[in-house]
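Here is the structure we will look at, set down as structure tokens.
In this chain, numbering begins with 1 at the start of the sequence shown.
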Amino acid sequence: MTIHTDTRPALNLIRLPHGEGLELPTYETRGAAGMDLRAAVDDGATLTILPGKRDLVPTGLIFEVPDGYEAQIRPRSGLALKHGITCLNTPGTIDSDYRGEVKVLLINLGEEPFEITRGMRIAQMVIAPSIQARIFETAEASETRRGAGGFGSTGV
Ligand SMILES: O=c1ccn([C@H]2C[C@H](O)[C@@H](COP(=O)(O)OP(=O)(O)OP(=O)(O)O)O2)c(=O)[nH]1
């Protein structure tokens, strides 16, 4: 007998007034890593991002990211390829103690103005484990084979 138990962490969300009526984020496929986030711009309005410019796009949602996790806001590859639209601060970090509206910082690296209307899927959000380290100041770094080599020090 196979026992199926859903061990995924629960993600509570709160809808803000301007998020009313929007489809909630869902995983589009069974194995999708991210859930798509929708633009909560006013109905009938268009938010235009001109080439080279950036804007903060509301989602109309507050998420209670569970303790021990973070949410990462990432670009959608289709928008990046077709329109040059990406997240400027990718991956955007949503802290588990953040209780404000999740917003998406988009930048238009394309050649054309990009128009965002209500409900458009503008980015995706990935829930990932996150830990805090204990921080200690020490006098010297321990020795390793790599040492201070980096930035291509091992060749191509
Ligand atoms: O793309 C993003 C990035 C961040 N945030 C929210 C959630 C996050 O928990 C908070 C703070 O983000 P971050 O730590 O990146 O901002 P900061 O510039 O370091 O500001 P702060 O001093 O508020 O931490 O802003 C978003 O809504 N979208």
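- Considering only heavy atoms from C-beta on, Ile49 stays 4.5 Å or farther from Ile107 through its side chain.
- In this structure a side-chain-to-backbone donor-acceptor pair under 3.5 Å is present from Glu101 to Gly60.
- The closest side-chain heavy-atom distance from Leu61 to Ile14 is not below 4.5 Å.
- Counting only heavy atoms from C-beta outward, the side chains of Leu79 and Arg121 never approach each other to under 4.5 Å.
- Within the 3.5 Å criterion, the main-chain N or O of Arg8 finds a donor-acceptor partner in the side chain of Asp6.
- Counting heavy atoms from C-beta outward, Leu37 and Ile73 have side chains that approach closer than 4.5 Å.
- Following chains of ILVMFWY side-chain contacts shorter than 4.5 Å, one can reach Tyr27 starting from Met125, so the two form part of one hydrophobic cluster.
- When atom types are taken as modelled, the side chain of Gln124 and the backbone of Pro75 share a donor-acceptor pair closer than 3.5 angstrom.
- Counting heavy atoms from C-beta on, the side chains of Arg118 and Asp43 come closer than 4.5 Å.
- A 4.5 Å side-chain heavy-atom check between Val57 and Ile116 finds at least one atom pair inside the cut-off.
- In the hydrophobic cluster analysis, where Ile, Leu, Val, Met, Phe, Trp and Tyr join through side-chain heavy atoms closer than 4.5 angstrom, Ile94 is grouped together with Leu24.
- Side-chain contact between Leu13 and Pro25 is present, with heavy atoms from C-beta onward closer than 4.5 Å.
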